[in-house]
Amino acid sequence: MNIQIQTTSICNGRCTICPYPDSWHKAHPGVMGEALFNRVLDELAPLRLAKVCPYLENEPLMDPLIFERIGAIKRRLTFDRLEVSTNALALDEDKARRLGSLLADVPHEIWVSFHGVDARTHDGIMGLGFERCLANVVGLLKLSDRLPLRVIIRGAGLPQSQELATGFAFTEEEYIRFWEGQLALHGIRKRPGINFIKYHDRAGTIRRNGVRLPRPARPDLKGFRCPRVGEWLHILYTGELIICCMDYHREEVFGDLSRDSLESILSGPVYANLRDRVEGRAPSSETFICKRCISPGG
């Protein structure tokens, strides 16, 4: 089982390629209470977990307790890997140092979303400050020269469909060249992972001006399978469980850890029906999120 925990619903980004600006989370900002967070860890503690991600559809550094919470995850959960994702705007020298010290002694990955190769493309896509974000990423990479940190920088420069084009495109070659230039310029010895990805419409959950962007339809789900249902849990800051990391509008809630145990939720009829709908064994509406998804798994 892989776990994503949204300790806060808040994100400081305004990415045009992300549903967050239109999302339920943006309209209902909040931070997971300490009692609920501890209850979530109590529910997860008996499990052997593959990957634990203390983020979900948010910017984890917006949680003022995120470092204490990562420390609690390390102490109380058994996992194969701890993964943190950030857009780097809040990743100043102090936060990078605290994050590095927490992660250096466990298997981990730090994912950095940096969508751009210059101020025009980066700020056009992410709505953040290019120079500040770049300086923070460079600071993290310099830290990784001294600590055993696994950093992966991810850039989404091209759409999977031209209907999603932002006007701020860049190619994989441009992206790799940009980061190789930064590594050389700053004398960084350890090369991070550099991943160029094509972005999609997140199962039609990107909405602008109240209108959904065009999306392909899957007429039925016979034989369909997605690892996000069955191999993952996605926990909102409210304690509610949603279907997957693309459910930005809280369409499919199948349990609430603030009220019920994880065992009772996963063995109950609501979750069973959800799995049956996902895999085509039970009927689902024409607008069911899995029918809209063009990228099963994430």
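Note that the structure is a prediction, hence the values are computed from the model and not measured. The figures here come from the full heavy-atom set of this structure, side chains too, leaving out hydrogens, waters and symmetry mates.
For the pair Cys245 and Leu56, the tightest heavy-atom approach, listed with the atom from each and the gap, is CA-CD1, 4.0 Å. In plain terms, the two heavy atoms of Cys11 and Asn87 that are nearest each other are SG-ND2, 4.2 Å. Taking every heavy atom of both residues into account, Arg277 and Leu221 meet most closely at O-CD1, 3.2 Å. Closest of all the heavy-atom pairs between Ala169 and Leu158 is CB-CD2, 3.7 Å. Shown here for Leu134 and Trp179, the closest heavy-atom pair between the two residues is CD1-CH2, 3.7 Å. The nearest pair of heavy atoms linking Tyr199 to Gly157 is CE2-C, 4.3 Å.
The CZ atom of Arg191 sits 9.0 Å away from atom CD1 of Ile153, with the distance rounded to the nearest 0.5 Å. Atom-to-atom distance recorded for Arg281:CZ and Asp276:CG is 4.5 Å, nearest 0.5 angstrom. Rounding to the nearest 0.5 Å places CG of Leu82 at 10.5 Å from NZ of Lys51. Considering CG of Leu241 and CG of Asp247, their distance stands at 11.5 Å, rounded to 0.5 Å. Interatomic distance, His234 NE2 to Leu236 CG, rounded to the nearest 0.5 Å: 10.5 Å. For the atom pair CD1 of Ile235 and CG of Leu262, the computed distance is 7.0 Å after rounding to the nearest 0.5 Å.
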request  = Go through Asp105 and Lys74 one step at a time and tell me if the side-chain contact (heavy atoms from CB on, under 4.5 Å) criterion holds.
outcome  = CA-CA 10 Å; Asp105 62 350; Lys74 287 177 56 179; 2.8 Å; yes
query = Step by step, would you call Leu99 with Ile110 a side-chain contact (heavy atoms from CB on, under 4.5 Å)?
reply = CA-CA 9 Å; Leu99 183 62; Ile110 303 172; 4.1 Å; yes
query = Between Thr7 and Leu65, is a side-chain contact (heavy atoms from CB on, under 4.5 Å) present by the stated rule, with each step listed?
reply = CA-CA 9 Å; Thr7 67; Leu65 296 175; over 6 Å; no
inquiry  = Applying side-chain contact (heavy atoms from CB on, under 4.5 Å) to Arg202 and Cys18, what does each step give before you reach the verdict?
reply    = CA-CA 8 Å; Arg202 307 294 286 181; Cys18 177; over 6 Å; no
message = The test is side-chain hydrogen bond (donor to acceptor under 3.5 Å, both in side chains); show your working for Ser23 and Glu57 and say whether it passes.
response = CA-CA 9 Å; Ser23 68; Glu57 304 172 338; over 6 Å; no
inquiry  = Checking Arg225 against Glu231 for the salt bridge (Lys or Arg N to Asp or Glu O under 4.0 Å) test, could you report, in this order, the C-alpha distance in whole Å, the side-chain angles of both residues, the deciding distance, and whether it holds?
reply    = CA-CA 11 Å; Arg225 185 181 178 279; Glu231 298 175 24; 2.3 Å; yes
task = Report the C-alpha distance between Glu68 and Arg98 in whole Å, list the side-chain angles of each, state the deciding distance to 0.1 Å, and finish with yes or no for salt bridge (Lys or Arg N to Asp or Glu O under 4.0 Å).
result = CA-CA 10 Å; Glu68 290 81 0; Arg98 294 181 69 184; 3.6 Å; yes
inquiry  = Glu240 vs Thr238, test: side-chain hydrogen bond (donor to acceptor under 3.5 Å, both in side chains). Steps then yes/no.
reply    = CA-CA 5 Å; Glu240 295 166 305; Thr238 59; 2.7 Å; yes
inquiry  = Using salt bridge (Lys or Arg N to Asp or Glu O under 4.0 Å), reason through Glu279 and Lys222 one step at a time and then give a plain yes or no.
reply    = CA-CA 6 Å; Glu279 297 179 4; Lys222 293 178 181 177; over 6 Å; no
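In this structure a side-chain-to-backbone donor-acceptor pair under 3.5 Å is missing from Ser161 to Leu164. A donor-acceptor pair under 3.5 Å links the side-chain atoms of Gln4 to the main chain of Tyr55, judged by distance alone. At distances below 3.5 Å, not a single donor-acceptor pair connects side-chain atoms of His200 with backbone N or O atoms of Ile294. Proximity of a side-chain donor or acceptor of Arg228 to a complementary backbone N or O of Gly297 within less than 3.5 Å is detected. A side-chain donor-acceptor contact under 3.5 Å links Asp123 to the backbone of Phe130. Proximity of a side-chain donor or acceptor of Glu83 to a complementary backbone N or O of Cys53 within less than 3.5 Å is not detected. With Asn273 contributing its side chain and Pro269 its backbone, the two residues share no donor-acceptor pair below 3.5 Å. Not one N or O on the side chain of His122 forms a donor-acceptor pair closer than 3.5 Å with the backbone of Asp118. Judged by distance alone, the side chain of Ser267 and the main-chain N or O of Glu263 form a donor-acceptor pair under 3.5 Å.
By the criterion of side-chain heavy atoms lying less than 4.5 angstrom apart, applied directly or through intervening Ile, Leu, Val, Met, Phe, Trp or Tyr residues, Tyr20 is not grouped with Val84; the two fall into different hydrophobic clusters. Both Leu44 and Ile66 belong to a single network of hydrophobic side chains, linked directly or stepwise wherever heavy atoms of I, L, V, M, F, W or Y lie under 4.5 Å apart. If you chain together hydrophobic residues whose side chains sit under 4.5 Å apart, Ile152 and Phe114 never meet in one group. Under a hydrophobic clustering in which Ile, Leu, Val, Met, Phe, Trp and Tyr are joined whenever their side-chain heavy atoms come within less than 4.5 Å, directly or via other members, Tyr248 and Leu233 fall into different clusters. Under the 4.5 Å side-chain heavy-atom criterion for grouping Ile, Leu, Val, Met, Phe, Trp and Tyr, Tyr271 is connected to Ile242 within one hydrophobic cluster.
Between Val229 and Ile243, the closest side-chain pair of non-hydrogen atoms falls below 4.5 Å. Looking at heavy atoms from C-beta onward, Ser284 lies out of side-chain contact with Val278 at the 4.5 angstrom threshold. Residues Val138 and Gln182 are in side-chain contact: their nearest non-hydrogen atoms beyond the backbone lie under 4.5 Å apart. Taking 4.5 Å as the limit, some side-chain heavy atom of Leu149 sits within range of a side-chain heavy atom of Leu143. With a 4.5 Å cut-off on side-chain heavy atoms, Pro29 and Ser9 count as touching. Contact annotation: the side chain of Asn136 never approaches that of Lys95 to less than 4.5 Å [non-hydrogen atoms, C-beta and beyond]. The shortest distance between side-chain heavy atoms of Leu102 and Phe67 falls below 4.5 Å. Residues Val151 and Lys190 fail the side-chain proximity criterion, which asks for heavy atoms closer than 4.5 Å.
Around the CZ atom of Arg48, the shell of radius 6.0 Å holds more than 12 heavy atoms that belong to other residues, nucleotides or ligands. Within a 6.0 Å sphere centred on CD of Gln160, heavy atoms belonging to other residues, nucleotides or ligands number more than 12.
Between Asp42 and Arg76 a salt bridge is recorded (basic side-chain N to carboxylate O distance below 4.0 Å). Electrostatic pairing of Asp220 and Lys291 does not count as a salt bridge here, judged by no charged N lying under 4.0 Å from a carboxylate O. Between Asp145 and Lys142 no salt bridge is recorded (no basic side-chain N to carboxylate O distance below 4.0 Å). A salt bridge is absent between Lys198 and Glu172: the closest approach of a Lys/Arg side-chain nitrogen to an acidic carboxylate oxygen does not fall below 4.0 angstrom. A salt bridge links Glu251 with Arg292: the closest approach of a Lys/Arg side-chain nitrogen to an acidic carboxylate oxygen falls below 4.0 angstrom. With respect to the salt-bridge test (charged N to carboxylate O, under 4.0 angstrom), the residues Asp92 and Arg132 do not qualify.
Remark: Arg69 is positioned above the aromatic ring of Phe37, its terminal NZ or CZ atom under 6.0 angstrom from the ring centre and at most 45 degrees off the axis.
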